[in-house]
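For reference, the structure is listed below as structure tokens.
Throughout, residue positions are numbered sequentially from 1 according to the sequence presented. Read the numbers this way: they start at 1 and go in the same order the structure lists the ligands and their atoms.
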Amino acid sequence: MKKFTKILAVVLAVLMLVMAAGCSSVQSVEKIKKAGKLVILTEATFAPFEYIAGGKPSGVDIDIAAEIAKDLGVELEVKDMNFKGIVDSVKKGKGDLGIAGMTVTEERLLELDFSKEYYKSSQVVIVKKGSDVTLDNLKDKVIGVQEGTTGDFYATDDIKGDPNTADVKRYNNAVIASQDLANGKVDAVIIDQLPAQNIVKSNADLEILDGVLTEESYAIAVQKNNPTLLEAVNKTLDRLFAEGKIDEFVLKHSTAQAQ
Ligand code: ARG
């Protein structure tokens, strides 16, 4: 019996190790160099930061990622996925970095490390031109957001009403949310400033309300306990800041047209 228990313990331990290896892996600079590629995770309906142009991911974040890959001497691979899955996927090592106009939040800092902040943003409100929606009556409205974003968190947690709270509709991406806004299925969309400007630019029926709901900063998500990768990312960012490249990328992609 004792022997059986021992064997069982060993089998269980091996099984747990195999399972842990299967659902998470530890990223590192050596591993990336050995693989010859840097894999980044993003969600590409967020122009100018990431969008699809000519069938390929493009944008400020893609340019930043390309510079990190260049400094590491490896190829860049971009994986386009649901935004709400990015934090968990970076945590489990399903990609090396999350670069997705991602706001640094206290909750995300429990799961991940973040690089230096590279862009300041805010949540704003897009409405149909001439609507009666204001920053103060959002609690009585139907609000569209991209699921798992800080716009979602604001709409869900911070719009308090007595007796109402906003009716929040969560979408996989901001493009569908804004189509529903144009079609009158939601009253407002809460989203980041530059992506909001980009949406309004291509839809004459929509406008952005004056004023902002939040102040936020974007940074690159790195798996915890990976100081060398975090350092490498920050080093490239420092070079890009010094060369004025981030502003250049923002300008370039704000005038480019997403498809
Ligand atoms: N800044 C917001 C957040 O971190 C929205 C980011 C959405 N990014 C994207 N690529 N769709 O939650």
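Within 4.0 Å of ligand 1, protein heavy atoms belong to E43, F46, E50, F83, A100, G101, M102, T103, R108, Q146, T149, T150, D192, Y218, listed by chain and number.
Grouped with L209 in one hydrophobic cluster are V125, V127, V133, L135, L138, I143, V145, Y154, I159, V168, I190, L213, the linkage being side-chain heavy-atom contacts under 4.5 Å among Ile, Leu, Val, Met, Phe, Trp and Tyr residues. Under the 4.5 angstrom side-chain criterion for Ile, Leu, Val, Met, Phe, Trp and Tyr, F153 has no cluster partners at all.
With respect to K252 and D63, a salt bridge is recorded, a charged nitrogen being found less than 4.0 Å from a carboxylate O.
Side-chain contact of D192 with Q123: a donor-acceptor pair under 3.5 Å is present, judged by distance alone.
Partners of N164 according to the side chain to side chain contact (heavy atoms under 4.5 Å, CB included) rule, which considers only residues two or more places apart in sequence or in another chain, are D140.
Using bins of under 30°, 30° to 60° and over 60° for the plane-to-plane angle, the ring pair F46/Y218 lands in the tilted bin.
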